[in-house]
Visitor: 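Provided herewith is a single structure, encoded as structure tokens, for subsequent inquiry.
Positions are given from 1, in the same order as the sequence printed here.
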Amino acid sequence: MDFLTLFLIYLWFILTAVALLCVCSGRKESFLTRSVNGASQVLSFVIPTQLQRVTQRALHRLFHTRSCLFVALHVALQAAVYGEYTWEVFVYCWELQFHLLLLLLPYLLLAGNMGCFILCSRANPGIITKSNHASLVKIYAYDGVLFQKGVVCPTCHMEKPARSKHCSFCSMCVHRFDHHCVWVNNCIGAFNAKYFFLYLFSLAATAAAIAAITAAFLIQVVLLSNMMHGSYMDEQGQEHAVEILFLVQHLFLTFPRVVFMLGFVILLTLVLGAYCCFNLYLALTNQTSNEWYKSRRYGCSRHLTLQPHDRQVVYKNIYSKGVWMNLKEIFKPPTVLERKKTT
């Protein structure tokens, strides 16, 4: 059971890193893609052809089609972390007379996180169909750079509304497309962006809460044992004062799973915290991940201009309406009527 728990947590970290690097499914020339292609070319000389085909099919199934594998893995890893928290940290902290509400905080955050997770995975992200195409195409104006008028989706055979994109995972065009999230097995679009926003922030808060409580427990153990004022003998028989490294080693030998979980949730808190800051920046500036990535190809300017010599277009975000209105748009996507009132 211990080995399985450690294995699942390690696997969660690896797949989380991959998912964050692949946050925009449209990044065909990303660093990760180039690295994988380069590694594949090198390994193709030593790996049998049949094994290569099986591996390619498996990778295509995992990262280019809708699958419940990451959802099941997400639930299993959360169960492993909360199982360890309940079995050891909660019990020890209860014996040390930690406040009950503090110990129950991760469970409350988990309930909110799972609610947002279900809503985000089950909600319609903004699928563009023939019945709603006429109304969705009027909501956002074409900026002439990232989104050109008259571009037809070769799969859906409909003109692409501004800020939309065809998702290769779901094989459909999505209104105000952000990215396809494998962890919720759904696209993130105009109508479920608020759920993803809350899901992401509640997940980061959950990891931070578990990290804070676990760290407080270990600090309390150190203070009660009075180890900071002690000393130890090294292999040469010399006496040394207790240092931080010695404390970490001692705690790891005493509570190996707790210390490992603490290190993992701290790292996860930092990664998720950085990703939350990035998503908050996108929300406040009224951008999507897809638009942010595509806009990196162009320079940034307050004016949309055309350079006379190299004819290179400079991109300007025309969808930003101010911090408050941008944030409001996440939780209440605009309709055609609302757009007519503002224009």
Visitor: Against the six-membered ring of Phe147, is Lys294 placed for a cation-pi contact (under 6.0 Å from the centre, within 45° of the normal)?
Guide: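 The answer is yes, since Lys294 meets both limits relative to Phe147.
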Visitor: Go through the structure and list residues passing ring pair (Phe, Tyr, Trp, His ring centres under 6.0 Å) with Tyr107, not counting sequence neighbours.
Guide: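 Partners of Tyr107 under the ring pair (Phe, Tyr, Trp, His ring centres under 6.0 Å) test: Tyr82, Tyr85.
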Visitor: With no hydrogens and no angle check, just 3.5 Å: does a side-chain donor-acceptor pair link Asn132 and Thr129?
Guide: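 Yes - a donor-acceptor pair under 3.5 Å links their side chains.
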Visitor: Any heavy-atom pair between the side chains of Arg296 and Trp292 that's under 4.5 Å?
Guide: yes
Visitor: Are the side chains of Leu224 and Leu96 in contact, using a 4.5 Å heavy-atom criterion?
Guide: yes
Visitor: Less than 6.0 angstrom separating the ring centers of Phe260 and Phe264, yes or no?
Guide: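 That pair fails the under 6.0 Å test.
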Visitor: Excluding sequence neighbours, so at least two apart, what forms side chain to side chain donor-acceptor pair (under 3.5 Å) with Gln148?
Guide: none
Visitor: Give a yes or no on whether a salt bridge exists between Glu291 and Lys316, defined as a side-chain N under 4.0 angstrom from a carboxylate O.
Guide: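 Salt bridge flag = no for Lys316 with Glu291.
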Visitor: Let me see the working for Leu119 and Asn192 under side chain to side chain contact (heavy atoms under 4.5 Å, CB included), right down to the final yes or no.
Guide: CA-CA 8 Å; Leu119 290 173; Asn192 67 345; over 6 Å; no
Visitor: Can you find a heavy atom in the side chain of Lys165 that is under 4.5 Å from one in the side chain of Val174?
Guide: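 Side-chain contact under 4.5 Å: no.
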Visitor: Following the transitive rule for hydrophobic clusters with a side-chain heavy-atom cut-off under 4.5 Å over Ile, Leu, Val, Met, Phe, Trp and Tyr, establish whether Leu104 and Phe217 coincide in one cluster.
Guide: yes
Visitor: Classify the angle between the aromatic ring planes of His74 and Tyr199 as parallel (below 30°), tilted (30 to 60°) or perpendicular (above 60°).
Guide: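 If you compare the ring of His74 with that of Tyr199, the planes turn out tilted.
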Visitor: Give a yes or no on whether the backbone of Tyr319 and the side-chain of Asn286 come within a donor-acceptor separation of less than 3.5 Å.
Guide: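 Checked: pair present.
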Visitor: Between Ser289 and Asp178, is there a side-chain donor-acceptor contact under 3.5 Å, judged purely by atom types and distance?
Guide: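 Yes, a side-chain donor-acceptor pair sits under 3.5 Å.
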Visitor: Checking the side chain of Asn279 only, and the main-chain atoms of Cys276 only, is there a donor and an acceptor separated by less than 3.5 Å?
Guide: no
Visitor: Please list, chain by chain and in numerical order, all residues satisfying side chain to side chain donor-acceptor pair (under 3.5 Å) with Glu88, sequence neighbours excluded.
Guide: Arg257
